[in-house]
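Treat the numbers as computed from the prediction; the structure is a model and nothing was measured. The residues of the chain are indexed from 1 along the displayed sequence.
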Amino acid sequence: MMKRMLCLILVCLLLLCACEQKDPEPVGESVPNPYPELSEPPLAGSRVPTVDLSMYTLEAEAIFVGTVVSEPIHGYVYIDPETKRKVSEKTGKVYFGDFKLIRVDQPISGELQAGDEIYMCAFEEGSDGKNSYPSMLPGERYVFFVDFRSLLGYWMPHVGWNGLFYITEEDRVFPADVKTSVLKQYNNMRLDDFLDVVREKSKMTKEEVYALIEKKLGP
């Protein structure tokens with residue numbers, strides 16, 4: 001009798017845990033993305049269409065949860081009269097848009113550590129990438145998929161909005177690329193659940209990702 005009672009209690013506890021772990025909120029394409037549709041970024045037409053999140057995890061040099069620390073910092077930017085390009089008087093580095101300081105809160109892959117602060121290019125105006133990036137205001141959080149531009153000294157998300165996922169105050173994620181259908185499955189997903197998906201995708205080899213792309217794109 002005692003064994004039956006213990007077994008019954010154990011089953012009830014397991015069912016209770018399963019119920020608690022199940023996400024009570026809807027997730028996926030049925031949940032409208034509340035964020036604005038951004039314009040097509042430069043070079044987007046020359047890229048392979050996104051068919052799986054593993055395309056981001058494969059390409060990114062670093063993936064992390066981060067917070068925008070400040071508005072553009074690098075100082076006065078002017079147009080060089082000879083090259084007609086935006087240049088910083090302070091550093092001489094070529095500028096293509098706004099630069100934000102980003103704090104790494106939770107590294108997922110790559111060499112960046114928690115607490116690191118990095119400069120990131122975030123286009124907001126101008127012919128290169130106009131309106132192709134979220135506003136990235138101080139205090140906002142994102143999941144970043146980024147690469148380092150060693151010649152220029154800054155980090156940059158994948159072309160336009162492709163390397164950014166918004167994080168809401170409720171710790172839910174939404175892709176900044178609101179149009180790509182394969183990413184809509186992550187609408188309103190819990191941050192921790194999404195990061196688990198990212199970690200699993202990060203384990204895929206280049207061959208596995210390429211095979212997946214070929215399979216989904218077809219002949």
Side-chain angles (χ1 to χ4, degrees), residues 12-41 43-45 47-60 62-68 102 105-109 122-124 129-137 139-146 157-204 208-219:
C12 290
L13 288 173
L14 290 173
L15 290 174
L16 182 61
C17 290
C19 291
E20 288 179 350
Q21 291 176 358
K22 186 177 180 181
D23 195 342
E25 292 191 27
V27 174
E29 193 168 351
S30 63
V31 184
N33 192 322
Y35 293 96
E37 184 175 311
L38 302 170
S39 64
E40 195 80 2
L43 307 180
R47 292 169 59 86
V48 176
T50 300
V51 297
D52 191 80
L53 187 66
S54 60
M55 296 174 68
Y56 295 176
T57 57
L58 178 67
E59 295 176 355
I63 304 171
F64 63 91
V65 175
T67 300
V68 181
I102 309 295
D105 298 324
Q106 183 179 351
I108 306 302
S109 70
F123 296 113
E124 286 186 339
K130 184 178 181 180
N131 299 320
S132 294
Y133 285 71
S135 58
M136 296 177 67
L137 299 175
E140 289 184 343
R141 296 186 301 150
Y142 297 84
V143 180
F144 291 94
F145 296 74
V146 296
H158 289 308
V159 179
W161 25 243
N162 290 313
L164 293 168
F165 285 74
Y166 298 97
I167 302 175
T168 70
E169 292 183 357
E170 296 77 22
D171 273 358
R172 300 275 173 170
V173 301
F174 286 90
D177 178 0
V178 305
K179 293 188 294 184
T180 298
S181 58
V182 72
L183 298 180
K184 293 180 180 180
Q185 63 185 294
Y186 305 115
N187 285 1
N188 204 42
M189 181 176 281
R190 288 186 296 203
L191 174 60
D192 288 344
D193 293 341
F194 179 69
L195 295 181
D196 286 341
V197 173
V198 172
R199 291 186 184 96
E200 285 301 311
K201 296 288 185 182
S202 298
K203 296 176 183 177
M204 296 179 66
E208 289 172 332
V209 174
Y210 287 171
L212 179 63
I213 294 172
E214 185 176 356
K215 179 180 180 181
K216 292 195 173 184
L217 289 179

> Once you round to the nearest 0.5 Å, how far does CG of Leu164 lie from OH of Tyr35?
12.0 Å

> Looking only at heavy atoms, what is the nearest atom pair of Pro26 and Val31, with distance?
O-CG2, 3.3 Å

> Any non-hydrogen side-chain atom of Glu37 less than 4.5 Å from a side-chain atom of Lys179?
yes

> Rounded to the nearest 0.5 Å, what's the gap from OG on Ser109 to NZ on Lys201? Could you check?
14.5 Å

> How far does OG1 of Thr50 sit from CG of Asp177, to the nearest 0.5 angstrom?
6.5 Å

> Evaluate the criterion salt bridge (charged side-chain N to carboxylate O under 4.0 Å, His left out) for residue pair Arg190 and Glu170; output intermediate values, then yes/no.
CA-CA 8 Å; Arg190 288 186 296 203; Glu170 296 77 22; over 6 Å; no

> List the steps, then state whether side chain to side chain contact (heavy atoms under 4.5 Å, CB included) holds for Leu191 with Val143.
CA-CA 9 Å; Leu191 174 60; Val143 180; 3.8 Å; yes

> Is a side-chain donor or acceptor of Glu140 paired with a backbone partner of Leu137 at a separation under 3.5 angstrom?
yes

> A side-chain contact here means heavy atoms from C-beta on lying under 4.5 Å apart; do Thr168 and Phe174 qualify?
yes

> Does any non-hydrogen side-chain atom of Lys184 lie less than 4.5 Å from one of Val178?
no

> Flag the pair Gln106 / Leu195 as yes when at least one side-chain heavy-atom distance between them is below 4.5 Å, and no otherwise.
yes

> Between the side chains of Asn188 and Glu25, does any donor sit under 3.5 Å from an acceptor?
yes

> Should Thr57 and Glu200 count as side-chain neighbours, where that means a heavy-atom distance under 4.5 Å?
no

> Minimum heavy-atom separation for Pro175 and Asn33, please, with both atom names.
O-ND2, 3.0 Å

> Tyr56 versus Ile63: any side-chain heavy-atom pair under 4.5 Å?
no

> Minimum heavy-atom separation for Gly66 and Asp105, please, with both atom names.
C-OD2, 3.5 Å

> Could you point out which residue of Phe194, Phe64, Tyr142 forms a ring-ring contact (aromatic ring centres under 6.0 Å, His included) with Phe165?
Phe194

> Just wondering, do Val198 and Phe145 contact through their side chains at under 4.5 Å, heavy atoms?
yes

> With a 3.5 Å distance limit and no angle check, can you tell me whether Glu214 reaches the backbone of Ala211 through a side-chain donor-acceptor pair?
no

> Any heavy-atom pair between the side chains of Asp52 and Ile213 that's under 4.5 Å?
no

